[in-house]
A.B. asks: 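I have a structure here, written as structure tokens, and I will follow up with some questions on it.
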Amino acid sequence: MSPAMALEQRSKSDAAEEQIEYEKGVKHLCEKGHIRAVPKKYILPVADRPTKSVKGSNVLNQNLQLPIIDFAELLGPNRPQVLQSLANACQQYGFFQLVNHCVSDDVVRNMIDVSGRFFDLPLEERVKYMTTDMGAPVRCGTSFSQTKDSVLCWRDFLKLLCHPLPDFLPHWPLSPLDFRKVVGSYAEESRHLFLVVMEAILESLGIMEKEEEESVMKEFENGSQMMVANFYPRCPEPELTLGIPPHSDYGFLTLLLQDDVAGLQVQYQDKWVTVQPIPNAFVVNVGDHLEIYSNGKYKSILHRVVVNEVKSRVSVASLHSLPFNCTVKPSPKLIDEGNPKRYMDTDFATFLAYVSSQEPNKKDFLESRKLQ
């Protein structure tokens, strides 16, 4: 073998070993030793970085006060006014914070705690659930597709299919010892909260007769729920990378639970603004399916996650939609001559095929469903 061929072979071998290390996650990289610089694989192109020092930066140096929806008021005599506030939030922001909800403080605290303890497990435990199969009932990974993404995300995740709970619970991790009990309780309570909020959103659209609303809600009761626990390690150069790049969520609604470390940024009036966490509140956002169903009246908004060099961050997103085998399409009552159908019918299989074939980018999937 010539020296040149030997060098090339060694280079390929080194690259393969490096790829295997990346696939084990960001936390693994941090655990191997003190990282003083962000590895090249995580560095974004200059135009995509969250830095505020770039000339013409589109990041506002301020926090965003999202609309606050009081869950208790939603269930009380002021429901009509709260429904109007809900409609305004979904139209203007695509996000709101939900306070005074029905999920107990203990369930919220325990969910954040057990998520952090899962990521604290030795790699040997976490690797049991690492797979590139996007349809797996349990998937531990990093980035979105660590084998395809040109730039990796500064996060590790654990994705769990949750409904029907008895079907998926046996697949969930056995460690930490209380994981299934804590996460199972949280999944059930967050799902109940979603159903109540979703019913209010359908009412806020002003298109439902009672009988029709009950029929649609029956579909949601049998719908899909996927939970994603995210861990964002401290980062030595947070201005070079992102925890999650700009994206919208595919379902109807996402309920986000986060610890006290800020990181979520929402695009508002073409600027990136940070959402300051409210203790025990949920950040709720419109997903692509709700934008399709509302025929564009309610908007799924781009959001991203920034990281920092001082603290790690934990969040838990619960994504809800219709059953995976259902078709999502604009409501006929929101289509007329003045407001024609704006989106093609779609389903989860179409979404999965799309994101499996290419690197996800912003709202590209939703854009691909638009009718010109």
A.B. asks: Using side-chain heavy atoms (C-beta onward) and a distance below 4.5 Å, is Gln97 in contact with Ile69?
C.D. replies: no
A.B. asks: Drop me the distance from Ile43's CD1 to Asp48's CG, to the nearest 0.5 angstrom.
C.D. replies: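 Going from the CD1 atom of Ile43 to the CG atom of Asp48 covers 13.0 Å.
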A.B. asks: Evaluate the criterion side-chain contact (heavy atoms from CB on, under 4.5 Å) for residue pair Val183 and Met111; output intermediate values, then yes/no.
C.D. replies: CA-CA 6 Å; Val183 179; Met111 184 64 214; 3.9 Å; yes
A.B. asks: Using modelled atom types and a 3.5 Å cut-off, is there a donor and acceptor pairing between side-chain atoms of Lys311 and backbone atoms of Asn308?
C.D. replies: no
A.B. asks: For Arg117, look at atom CZ and say whether over 12 heavy atoms of other residues, nucleotides or ligands are found less than 6.0 Å away.
C.D. replies: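 Atom CZ in Arg117 is packed in, count exceeds 12.
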A.B. asks: Could you state the interatomic distance from OH (Tyr93) to CG (Leu66), rounded to the nearest 0.5 Å?
C.D. replies: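 Answer rounded to 0.5 Å: 8.0 Å.
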A.B. asks: What are the two closest non-hydrogen atoms of Val306 and Gln265, and how far apart are they?
C.D. replies: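 Scanning both residues completely, I find the closest heavy atoms to be CG1-OE1, 3.5 Å.
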A.B. asks: Is the centre of the His101 ring less than 6.0 Å from the centre of the Phe282 ring?
C.D. replies: yes
A.B. asks: Do Asn285 and Ser300 touch side chain to side chain, with heavy atoms closer than 4.5 Å?
C.D. replies: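 When only atoms from C-beta onward are counted, Ser300 and Asn285 do not touch, as no gap falls below 4.5 Å.
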A.B. asks: Identify the residue among Asp105, Asp113, Asp106 that makes a side-chain hydrogen bond (donor to acceptor under 3.5 Å, both in side chains) with Arg109.
C.D. replies: Asp106
A.B. asks: Check whether the ring centres of Phe168 and His163 lie less than 6.0 Å apart, and answer yes or no.
C.D. replies: no
A.B. asks: Mark yes or no: Lys159 above the aromatic ring of Phe157, with NZ or CZ under 6.0 Å from the six-membered ring centre and no more than 45 degrees from the axis.
C.D. replies: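 Output yes; distance and angle both within limits.
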A.B. asks: For the residue pair Pro173 and Leu158, what are the closest heavy atoms and their distance?
C.D. replies: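 Heavy atoms of Pro173 and Leu158 come nearest at CG-CD2, 4.2 Å.
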A.B. asks: Taking the side chain from Asn295 and the backbone from Leu334, do they hold a donor-acceptor pair closer than 3.5 Å?
C.D. replies: yes
A.B. asks: At what distance, to the nearest 0.5 angstrom, does CG of Leu193 lie from CG of Leu98?
C.D. replies: 5.5 Å
A.B. asks: Keeping the roles fixed (side chain from Ser248, backbone from Asp288), state whether a donor-acceptor pair exists under 3.5 Å.
C.D. replies: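 Absent.
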A.B. asks: Just verifying a value: how many Å separate Met198 CE and Glu219 CD, rounded to the nearest 0.5 Å?
C.D. replies: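 CD of Glu219 is found 11.5 Å from CE of Met198.
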A.B. asks: Donor-acceptor pair, distance only, cut-off 3.5 Å: does the side chain of Asp259 make one with the backbone of Val314?
C.D. replies: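 Such a contact is found between Asp259 side chain and Val314 backbone.
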A.B. asks: For the backbone of Leu160 and the side chain of Arg139, can you confirm whether one donor and one acceptor N or O come within less than 3.5 Å of each other?
C.D. replies: no
A.B. asks: Any side-chain to backbone donor/acceptor pair from Ser190 onto Ala187? Under 3.5 Å, distance only.
C.D. replies: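 Side chain of Ser190 to backbone of Ala187, a donor-acceptor pair under 3.5 Å: yes, one is there.
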A.B. asks: Is it the case that Asp347 and Asn325 place a side-chain donor and acceptor less than 3.5 Å from each other?
C.D. replies: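 Result is no, nothing qualifies.
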A.B. asks: Do you know the tightest heavy-atom contact between Leu257 and Ala281?
C.D. replies: CD1-O, 4.3 Å
A.B. asks: Assigning hydrophobic clusters by single linkage (Ile, Leu, Val, Met, Phe, Trp, Tyr; side-chain heavy-atom cutoff under 4.5 Å), is Leu75 placed with Val284?
C.D. replies: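 Yes; tracing contacts between hydrophobic side chains, which count when under 4.5 Å, links both residues.
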A.B. asks: If you look at every heavy atom in Asn110 and Val182, which pair is closest and at what distance?
C.D. replies: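 Closest approach of Asn110 to Val182, heavy atoms only: O-CG1, 3.5 Å.
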A.B. asks: Any side-chain heavy atom of Pro238 within less than 4.5 Å of one from Trp154?
C.D. replies: no
A.B. asks: Is it true that Gln225 and Ser318 share a donor-acceptor pair across their side chains at a distance under 3.5 Å?
C.D. replies: yes
A.B. asks: If two hydrophobic side chains count as joined below 4.5 Å and joins carry through other members, does Val216 share a cluster with Leu205?
C.D. replies: yes
A.B. asks: Can you get from Val261 to Leu264 by hopping between Ile, Leu, Val, Met, Phe, Trp and Tyr side chains that sit under 4.5 Å apart?
C.D. replies: no
A.B. asks: Specify whether Phe220 and Phe194 have parallel, tilted or perpendicular ring planes, treating 30° as the upper limit for parallel and 60° as the lower limit for perpendicular.
C.D. replies: perpendicular
A.B. asks: Go through the steps for Leu242 and Val307 under the test side-chain contact (heavy atoms from CB on, under 4.5 Å), then give the verdict.
C.D. replies: CA-CA 6 Å; Leu242 283 168; Val307 292; over 6 Å; no
A.B. asks: Please check this pair: side chain of Asn78 against backbone of Gln81, looking for a donor-acceptor N/O pair closer than 3.5 Å.
C.D. replies: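 Looks like no, no N/O pair under 3.5 Å.
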A.B. asks: Flag the pair Glu73 and Arg79 as a salt bridge only when some basic side-chain nitrogen lies within less than 4.0 angstrom of an acidic carboxylate oxygen.
C.D. replies: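 So Glu73 does not pair with Arg79 through a salt bridge.
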A.B. asks: With rounding to the nearest 0.5 Å, note down the distance linking NE2 in His171 to CG in Leu169.
C.D. replies: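 Separation between the atoms: 9.5 Å.
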A.B. asks: So which heavy atom on Tyr343 is nearest to which on Glu291, and how close?
C.D. replies: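 For Tyr343 and Glu291, the tightest heavy-atom pair comes out as OH-OE2, 2.6 Å.
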A.B. asks: Just so I know, are the side chains of Asn280 and Val103 near enough to count as touching, which here means a heavy-atom distance under 4.5 Å?
C.D. replies: no
A.B. asks: Ring centroid separation for Phe365 and Tyr250, is it under 6.0 angstrom?
C.D. replies: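 No: the rings miss the under 6.0 Å criterion.
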A.B. asks: Step by step, work out the side-chain contact (heavy atoms from CB on, under 4.5 Å) result for Tyr298 and Ile201.
C.D. replies: CA-CA 10 Å; Tyr298 292 171; Ile201 285 179; 3.9 Å; yes
A.B. asks: Report yes or no: do Val196 and Val107 belong to one cluster of Ile/Leu/Val/Met/Phe/Trp/Tyr joined by side chain heavy-atom distances under 4.5 Å?
C.D. replies: yes
A.B. asks: Is any side-chain heavy atom of Tyr186 less than 4.5 Å from a side-chain heavy atom of Ile112?
C.D. replies: no
A.B. asks: Apply the test side-chain contact (heavy atoms from CB on, under 4.5 Å) to residues Gln65 and Ile68: give CA-CA distance (whole Å), side-chain angles for both, the deciding distance (0.1 Å), then the verdict.
C.D. replies: CA-CA 8 Å; Gln65 182 63 55; Ile68 295 176; 3.4 Å; yes
A.B. asks: Indicate yes or no: does Arg49 engage Glu237 in a salt bridge with an N to O separation below 4.0 Å.
C.D. replies: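 Looking at Arg49 and Glu237, the cut-off is not met.
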A.B. asks: Are the side chains of His247 and His303 in contact, using a 4.5 Å heavy-atom criterion?
C.D. replies: yes
A.B. asks: For Lys333 versus Ile207, what's the shortest heavy-atom pair and its separation?
C.D. replies: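 Between these two residues, the closest heavy atoms are CD-O, 2.9 Å.
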A.B. asks: Quick one: list whatever passes side-chain contact (heavy atoms from CB on, under 4.5 Å) with Met344, sequence neighbours left out.
C.D. replies: Arg369, Leu371
A.B. asks: To the nearest 0.5 Å, what is the distance between CZ (Arg126) and CZ (Phe231)?
C.D. replies: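 The distance works out to 8.5 Å.
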A.B. asks: Under the 3.5 angstrom rule, does the side chain of Thr350 hit a backbone N or O of Thr346 as a donor-acceptor pair?
C.D. replies: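 Such a contact is absent between Thr350 side chain and Thr346 backbone.
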A.B. asks: Do the side chains of Ile278 and Val82 join up, straight or via other hydrophobic residues, at under 4.5 Å, putting them in one cluster?
C.D. replies: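 Ile278 and Val82: separate clusters.
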A.B. asks: Would you say Trp172's side chain and Leu161's backbone share a donor-acceptor pair under 3.5 angstrom?
C.D. replies: yes
A.B. asks: Is any side-chain heavy atom of Phe118 less than 4.5 Å from a side-chain heavy atom of Asp156?
C.D. replies: no
A.B. asks: Assess the residue pair Thr327 and Asp345 against the criterion (side chain to side chain donor-acceptor pair (under 3.5 Å)); give the C-alpha distance rounded to whole Å, side-chain angles, the decisive distance to 0.1 Å, and a yes or no.
C.D. replies: CA-CA 6 Å; Thr327 299; Asp345 298 356; over 6 Å; no
A.B. asks: Do Asp249 side-chain atoms and Gly251 backbone N/O form a donor-acceptor pair below 3.5 Å?
C.D. replies: no
